[in-house]
Undergrad: 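Take this structure first; my questions come after.
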Amino acid sequence: MADRGSSTRPKEEDDVVEMKKAMATGSSSAQSVAASSVPPILCYCLASILMTVVNKFVVSGTHFNMNFLLLCMQSSVCVACVYTVKKLGVISFRDFDVKDAKAWFPISVLLVGVIYTGSKSLQYLSIPVYTIFKNLTIILIAYGEVIWFGGRVTALTLVSFILMVISSIIAAWADISDALVVGDPAVAEAASGLSAVSGVISKMNVGYFWMFMNCATSAAYVLTMRKRIKVTGFSDWDTMFYNNLLSIPVLAVASVVAEDWGYENLNRNFPPDTRNFLLFAIAFSGAAAVGISYTTAWCIRATSSTTYSMVGALNKLPVAASGMIFFGDPITFGSVTAVGVGFFAGLVYAVAKNNQKKAEAASQASIIPLASRSS
């Protein structure tokens with residue numbers, strides 16, 4: 001009887017898992033599964049677009065120069081939202097622990113670098129250019145994994161990387177041709193530091209400097225976090241909570257030390273006529289970060305990691321289009337071509353990663369355990 005009970009237990013557990021899966025996706029048939037996949041995909045895309053557009057709006061002020069304060073406010077809102085949702089019982093994550101905080105603090109410092117360089121990039125670059133150049137981070141991460149984790153870059157993945165580089169070159173060419181004019185704040189900032197240099201170099205947009213710095217810090221952040229997660233055993237919500245909580249004091253100190261807190265500068269950054277709406281937008285962007293994390297998990301749970309990666313690739317098109325719609329980014333042959341090539345590169349990369357996962361799974365399945373061989 002005991003043997004019989006133990007033999008039926010896995011089947012019962014499988015049934016429970018399948019039932020929970022059906023409850024989570026709200027489906028009991030193939031048709032309802034497809035229908036239930038639509039809301040999380042749409043919510044994920046909407047959250048990504050909202051986050052990018054709102055951040056671009058906040059940092060696009062003519063005299064805005066308090067990026068550390070902005071990021072500190074966003075992190076504070078994010079922590080408050082996550083903690084509130086936890087108290088409501090919607091999510092769960094571990095309570096604050098000093099030992100975990102010490103282990104995770106270097107990651108939070110790297111994250112500060114990521115979000116600061118990202119905000120500076122958005123301040124000077126259009127959304128389509130920012131979105132396209134963000135693809136270069138994937139290349140840095142991939143080769144970082146090859147060096148430190150024994151990763152592998154397949155031929156198809158290499159093709160996607162080449163397409164990403166080509167799309168970035170096209171985007172830069174189109175942006176420099178169409179956007180660099182006298183009076184551009186980025187050009188003015190670049191020219192002040194390189195006054196002795198003539199021609200094109202004196203007009204180079206400092207946004208590209210911040211963009212490349214963002215790609216480098218993002219890759220360092222992801223690769224370092226991958227190592228640290230294995231040590232701490234953090235879940236996604238643990239990571240979000242500690243990242244934002246530990247970054248608050250770093251951002252606050254950086255803002256006090258490096259930024260001008262004078263009355264006139266505060267008025268320039270937060271004009272009285274738009275102050276309330278600007279503060280609301282900052283709070284909304286902090287909450288949107290929580291929304292992206294939740295919709296990411298929802299999308300993977302309701303579909304699959306493969307579908308999620310494809311959605312991430314497809315999502316670059318509406319994100320880039322949002323810049324053209326909401327901020328009047330120039331719609332030229334160069335910009336449209338760059339977005340199109342970057343979009344296709346994302347699709348190729350998603351397919352390459354899917355094929356690589358299938359190949360790795362097949363190779364693992366083909367390995368026969370020694371115990372089975374001996375028997």
Side-chain angles (χ1 to χ4, degrees), residues 51-52 54-84 96-125 130 185-186 188-190 192-193 206-207 209-218 220-221 224-225 228 239-290:
M51 183 72 174
T52 305
V54 171
N55 277 342
K56 175 67 175 176
F57 167 77
V58 172
V59 300
S60 291
T62 308
H63 303 289
F64 192 84
N65 57 17
M66 301 190 75
N67 294 74
F68 284 123
L69 176 61
L70 162 67
L71 299 175
C72 184
M73 293 168 68
Q74 287 179 334
S75 293
S76 301
V77 172
C78 188
V79 169
C81 289
V82 170
Y83 191 76
T84 301
F96 180 79
D97 182 78
V98 175
K99 186 179 178 181
D100 287 337
K102 288 180 179 178
W104 200 258
F105 186 73
I107 308 297
S108 294
V109 174
L110 276 175
L111 179 62
V112 169
V114 172
I115 54 183
Y116 179 76
T117 54
S119 67
K120 293 295 288 184
S121 303
L122 271 176
Q123 187 171 354
Y124 292 120
L125 297 178
Y130 173 83
E189 184 173 333
S192 65
V206 292
F209 166 77
W210 289 114
M211 189 71 251
F212 285 119
M213 288 295 293
N214 179 253
C215 291
T217 52
S218 295
Y221 166 72
T224 308
M225 185 173 65
R228 195 68 65 171
T239 302
M240 168 171 271
F241 176 68
Y242 274 88
N243 269 341
N244 285 279
L245 182 65
L246 297 178
S247 66
I248 291 172
V250 178
L251 291 166
V253 171
S255 178
V256 171
V257 172
E259 294 176 340
D260 182 6
W261 278 73
Y263 178 78
E264 292 183 1
N265 191 55
L266 284 172
N267 265 347
R268 280 196 299 268
N269 282 271
F270 302 96
D273 52 338
T274 60
R275 183 175 299 163
N276 291 337
F277 185 73
L278 193 60
L279 291 173
F280 169 78
I282 292 172
F284 182 84
S285 63
V290 182

Undergrad: Give, for atom CG of D100 and atom CG of L246, the distance between the pair rounded to the nearest 0.5 Å.
TA: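 Nearest 0.5 Å value for the CG-CG distance: 10.0 Å.
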Undergrad: Between Q74 and C78, is the side chain to side chain contact (heavy atoms under 4.5 Å, CB included) condition met? List the steps.
TA: CA-CA 6 Å; Q74 287 179 334; C78 188; over 6 Å; no
Undergrad: Does a donor on one side chain and an acceptor on the other come within less than 3.5 Å for N214 and S121?
TA: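 N214 vs S121: no donor-acceptor pair found between side chains.
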Undergrad: Is F96 atom CZ crowded by more than 12 heavy atoms from other residues, nucleotides or ligands, each under 6.0 Å away?
TA: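 Yes - once you tally the heavy atoms of other residues, nucleotides and ligands closer than 6.0 Å, there are more than 12.
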Undergrad: Test your reading of the model: is there a side-chain donor-acceptor pair from T84 to the backbone of A80, 3.5 Å cut-off?
TA: yes
Undergrad: Which value, rounded to the nearest 0.5 Å, describes the distance between L69 atom CG and D260 atom CG?
TA: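 It is 12.0 Å, given to the nearest 0.5 Å.
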Undergrad: For D97, check side chain to side chain donor-acceptor pair (under 3.5 Å) against everything at least two apart and list the hits.
TA: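 Partners of D97 under the side chain to side chain donor-acceptor pair (under 3.5 Å) test: none.
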Undergrad: To the nearest 0.5 angstrom, please state how far the OH atom of Y130 sits from the CG atom of L122.
TA: 5.0 Å
Undergrad: Kindly determine whether W104 and T239 satisfy side chain to side chain contact (heavy atoms under 4.5 Å, CB included), including the steps that lead there.
TA: CA-CA 9 Å; W104 200 258; T239 302; 3.6 Å; yes
Undergrad: Please find the pair of heavy atoms, one from S247 and one from V112, that lie closest to each other, and give the distance.
TA: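 That would be CB-CG2, 3.7 Å.
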Undergrad: Using a 4.5 Å cut-off on heavy atoms from C-beta on, say whether the side chain of M66 contacts that of L266.
TA: yes
Undergrad: Could you check whether any side-chain heavy atom of V79 comes within less than 4.5 Å of a side-chain heavy atom of I248, counting everything from C-beta outward?
TA: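 With C-beta onward as the side chain, the pair touches.
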Undergrad: Within this structure, what is the CG-CG distance for the pair N269 and N65, rounded to the nearest 0.5 Å?
TA: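 If I round to the nearest 0.5 Å, the distance is 4.5 Å.
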Undergrad: When you measure from the side chain of S75 to the backbone of C72, do you find a donor-acceptor pair of N or O atoms at a distance under 3.5 Å?
TA: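 No; judged by distance alone, with no hydrogens or angles, the pair does not exist.
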Undergrad: Could you walk me through whether N267 and R275 satisfy the side chain to side chain contact (heavy atoms under 4.5 Å, CB included) test, starting with their C-alpha distance in whole Å, then the side-chain angles of each, then the deciding distance to 0.1 Å, before giving a yes or no?
TA: CA-CA 9 Å; N267 265 347; R275 183 175 299 163; 2.7 Å; yes
Undergrad: Measuring from Y242:OH to F105:CZ, what's the distance to the nearest 0.5 Å?
TA: 14.0 Å
Undergrad: Answer yes or no: is there a donor N or O on one side and an acceptor on the other, between the side chain of N265 and the main chain of W261, under 3.5 Å?
TA: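 A pair under 3.5 Å: no.
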Undergrad: Do the side-chain N and O atoms of S119 and W210 include a donor-acceptor pair separated by under 3.5 angstrom?
TA: no
Undergrad: Is there a side chain to side chain contact (heavy atoms under 4.5 Å, CB included) between M73 and V77? Walk through the geometry before answering.
TA: CA-CA 6 Å; M73 293 168 68; V77 172; 5.6 Å; no
Undergrad: How close do F68 and A258 get, heavy atom to heavy atom, and via which atoms?
TA: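 That closest heavy-atom pairing would be CE1-CB, 4.4 Å.
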Undergrad: Nearest 0.5 Å please: distance from the CG atom of N67 over to the CD1 atom of I115.
TA: 10.5 Å
Undergrad: Got a sec, which residues hit ring-ring contact (aromatic ring centres under 6.0 Å, His included) with F212, two or more places apart in sequence or on another chain?
TA: F133
Undergrad: Verify, without hydrogens or angle tests, whether T224 (side chain) and Y221 (backbone) share a donor-acceptor contact under 3.5 angstrom.
TA: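 No, T224 side chain to Y221 backbone: no donor-acceptor pair under 3.5 Å.
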